[in-house]
K.L.:
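Next up is a structure, given as structure tokens.
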Protein chains: 2
Amino acid sequence: MALMELKEAKDKFIHTWGTLATQWGINRTMAQIHALLLLSSKSMNADEIMADLQISRGNVNMNLRDLMDWKLIYKQLLPGERKEFFIAEKDIWKVAKQIAKERRRREIGPLIEAMEDLKEGIQPDTVEKEEFLKIVNDISKVSIFADNTMTSLLKSDENWLMNNFIKVFNK
Amino acid sequence: MALMELKEAKDKFIHTWGTLATQWGINRTMAQIHALLLLSSKSMNADEIMADLQISRGNVNMNLRDLMDWKLIYKQLLPGERKEFFIAEKDIWKVAKQIAKERRRREIGPLIEAMEDLKEGIQPDTVEKEEFLKIVNDISKVSIFADNTMTSLLKSDENWLMNNFIKVFNK
DNA sequence: AAAAACTTTCAGAATATTTTGAAAATTCAA
DNA sequence: TTGAATTTTCAAAATATTCTGAAAGTTTTT
């Protein structure tokens, strides 16, 4: 890519972030608002975001709330201001942890629950049922493994893998 | 959940797999066909799948091809049969590895590329540009870390984490 | 207490994704 | 070859998701 001006690069960042997010099952506007706030040194209010991204007030409001649920942005009440301002978590490592945590909760949790439900509902009293339960059990094990792996990766900064990473990251 | 008959449990499995898949950004029908084949001891052809899930031929065809791209199912040519039959990979650990691999490729790869592009386009000749590049660089580092972590988890069965798991899994 | 400033909600509109099914393309047996 | 069997394609229809904007709700100021 050729040299760009900052404004152009920021727009490209916001646009790219939005496009990639849809690939991850995340709403495009939510990702764009997040990108905008990530790049903004000051906190922003709803009107500023509306103007910047050219989207409606309702859309901004709902996605700001979702971003707060994900703990990727925080509300900031400025003295002397009626409006609510929002600021993004700038520590990218925290952002990544937060996203991974949320996705683990949304994607792996329900899978584990569903397999448990199925296990409980079936008695292994025929060969066919045993075969079915084998699959359910295997999925159950893999998903619990994935869940544990995520948790141990995220939980402890003493983790060897993470330390290894942090060394590189803090250079 | 109360006790269920096998048919009921299989239907629930297929339905659940489809619903969860949409949460993971995977097409519902693709997931249901996958679930159906996972639970089937015999390989199935397009007509059988159409009848079973009550979906159109075009839909079955396109999702079978996607599932083959993901390497979650294989085409099986039976002697004396004109029709193509499909069978799912039954080793759930392989299935999980395959899914993780594909998602890594789709979700992390483009992110790394996009950040590299942005880095190249901007010269750090002002404070604002330096701040921008800091964020891009941090995201770049985190995504490369995630990519490496995935790769090392998946690549080697000599990996301590995986061995640890396999011991439990093979019990 | 009333009004102004601001936030939230949500029904309908707009957009995006998935599905259908018939036509076109391909494969294979005779 | 021909034609029957099967697979693939793709435009249009159906469905699902996201967005808008005005009305309703809330908070703060006067």
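Below, chains carry the letters A, B, ... as their sequence lines are ordered, and counting in each starts from 1. Just so you know, these numbers come straight off a predicted model, no measurement behind them.
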K.L.:
Protein within reach of the bases, or only the backbone? For nucleotides 14-30 of chain D, mark each nucleotide 5' to 3' as B, S or -, using heavy atoms under 4.0 Å.
P.N.:
----SSBB-----BS--
K.L.:
Hydrophobic clusters join Ile, Leu, Val, Met, Phe, Trp and Tyr when side-chain heavy atoms are under 4.5 Å apart, directly or via other members; which others share one with B:V127?
P.N.:
none
K.L.:
Just how large is the angle between the end axes of the helix from C:dA1-D:dT30 to C:dA30-D:dT1, five pairs per end, to 10 degrees?
P.N.:
10°
K.L.:
Reading DNA chain C 5' to 3', which nucleotide is the first, and which the last, to come under 4.0 Å of any heavy atom in chain B?
P.N.:
C:dT18 to C:dC28
K.L.:
Of all residues at least two apart in sequence or in a different chain, which pass the side chain to side chain donor-acceptor pair (under 3.5 Å) check with B:E116?
P.N.:
B:K119, B:S140
K.L.:
Distance check: side-chain N/O of B:N61 vs OP1/OP2 of D:dT7, anything under 4.0 Å?
P.N.:
no
K.L.:
Can you list the residues that meet the side-chain contact (heavy atoms from CB on, under 4.5 Å) rule with A:T29, with sequence neighbours excluded?
P.N.:
A:N27, A:I33, A:I55, A:N59, A:N63
K.L.:
Taking salt bridge (Lys or Arg N to Asp or Glu O under 4.0 Å) as the test, write out the residues that go with B:D147, two or more places apart.
P.N.:
B:R104
K.L.:
Just to verify, what does B:E130 make a side-chain contact (heavy atoms from CB on, under 4.5 Å) with, not counting sequence neighbours?
P.N.:
B:P124
K.L.:
When Ile, Leu, Val, Met, Phe, Trp and Tyr are grouped by side-chain heavy atoms lying under 4.5 Å apart, directly or through other members, which residues fall in the same group as B:F85?
P.N.:
B:L78
K.L.:
Could you tell me which residues satisfy side-chain contact (heavy atoms from CB on, under 4.5 Å) with B:T19, sequence neighbours excluded, listed by chain and number?
P.N.:
B:H15
K.L.:
Any side-chain to backbone donor/acceptor pair from B:N137 onto B:L133? Under 3.5 Å, distance only.
P.N.:
yes
K.L.:
When clusters are formed from ILVMFWY side-chain contacts under 4.5 Å, directly or step by step, what else is grouped with A:I87?
P.N.:
A:Y74
K.L.:
Mind checking side-chain contact (heavy atoms from CB on, under 4.5 Å) for A:Q98 and listing every partner two or more places apart, or none if nothing turns up?
P.N.:
A:K71, A:L72, A:K101
